[in-house]
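This structure is a prediction, so every number in the text was calculated from the model and none was measured. For the single chain, residues carry numbers from 1 onward in sequence order.
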Amino acid sequence: MTEPTPGARAAAVLILFGEGPDGPDILLTQRAATLNKHAGQPAFPGGRIDPGDDGPVGAALREAWEEAGVEPSGVDVLCMLPELYLSHSEHRVTPVAAWWREPSEIAPGHPGEVEAVARVPIAELVDPSNRVMVRHTTGLRLGPAFRVRDMFVWGFTAALLTRVLDAGGWNRPWNTDRVEELPQDIVNLAVRD
């Protein structure tokens with residue numbers, strides 16, 4: 001594992017579990033295609049930890065409110081997971097796991113930042129027909145991906161989601177030999193990073 005570079009920025013993401021209409025689910029956002037960084041990518045709500053935040057938990061809850069309309073008072077924080085370093089963007093990311101005790105209405109909160117929000121049932125995430133390994137067109141970055149709710153979830157979010165599903169005992173066997181190239185429209189957005 002790569003060590004964080006000096007000056008790596010602290011960030012947090014919220015892994016929000018809830019009981020939705022289709023069973024247990026996890027909240028995901030889809031970043032706007034117009035962004036300069038991570039354009040169009042599905043993600044957990046999250047972002048940089050601001051000086052006014054109460055650490056990673058405060059940042060994760062604030063970002064979930066700003067990005068998706070998640071009312072912080074209806075969320076019970078379960079734990080903070082170990083910090084992960086993203087060398088590509090030079091961020092130290094702390095995942096915050098939480099339970100959505102009192103779900104609020106969700107909608108993209110910042111049109112220039114968030115294109116869509118979705119409560120994705122865990123059953124859909126672990127359905128083997130929705131799983132694939134993805135390879136960048138350069139032949140590198142082989143990793144897990146999910147095709148759910150009109151989203152192609154890949155990269156950091158898919159890797160973290162896979163770890164969470166494994167830790168929760170939800171993952172089901174799936175064909176890891178099923179490898180696809182990263183779709184060209186996603187590659188076109190990613191090269192802007």
To the nearest 0.5 angstrom, please state how far the [atom1] atom of [X] sits from the [atom2] atom of [Y].
X: R101; Y: E19; atom1: CZ; atom2: CD; result: 15.5 Å
X: F146; Y: F152; atom1: CZ; atom2: CZ; result: 10.5 Å
X: E71; Y: L61; atom1: CD; atom2: CG; result: 10.0 Å
X: L27; Y: W100; atom1: CG; atom2: CH2; result: 5.0 Å
X: I106; Y: T29; atom1: CD1; atom2: OG1; result: 10.0 Å
X: L14; Y: I26; atom1: CG; atom2: CD1; result: 10.5 Å

Is a donor on one side and an acceptor on the other found under 3.5 Å between the side chain of [X] and the backbone of [Y]?
X: R9; Y: I49; result: no
X: D50; Y: G52; result: no
X: S104; Y: G69; result: yes
X: N130; Y: V148; result: no

Taking every non-hydrogen atom, the tightest pair across [X] and [Y]:
X: T176; Y: M133; value: O-CG, 3.1 Å
X: G20; Y: D25; value: CA-OD2, 3.3 Å
X: A8; Y: R92; value: O-NE, 3.4 Å
X: M151; Y: A118; value: CE-CB, 3.5 Å
X: D53; Y: A59; value: OD2-CB, 3.3 Å
X: P144; Y: A158; value: O-CB, 3.2 Å

Enumerate the side chain to side chain donor-acceptor pair (under 3.5 Å) contacts for residues 158-172, please, sequence neighbours excluded, ordered by first and then second residue.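 As it turns out, the side chain to side chain donor-acceptor pair (under 3.5 Å) pairs with a partner in residues 158-172, which skip direct neighbours, are R131-T162, R131-N171, D166-N171.
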How about [X] and [Y]: do any of their side-chain heavy atoms sit closer than 4.5 Å?
X: P121; Y: R149; result: yes
X: I15; Y: L160; result: yes
X: H91; Y: Y85; result: no
X: E113; Y: E63; result: yes
X: L28; Y: F44; result: yes

Looking at D76, I want to see if its CG is surrounded by more than 12 non-hydrogen atoms of other residues, nucleotides or ligands under 6.0 Å.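 Yes, the 6.0 Å shell around CG holds more than 12 heavy atoms from other groups.
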Taking CD in Q184 as the centre, count heavy atoms belonging to other residues, nucleotides or ligands within less than 6.0 Å. Is the count above 12?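 Yes, CD of Q184 has more than 12 neighbouring heavy atoms, counting only those of other groups under 6.0 Å.
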Transitive ILVMFWY side-chain link V75 to W65, under 4.5 Å: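 In one cluster with V75: W65, no.
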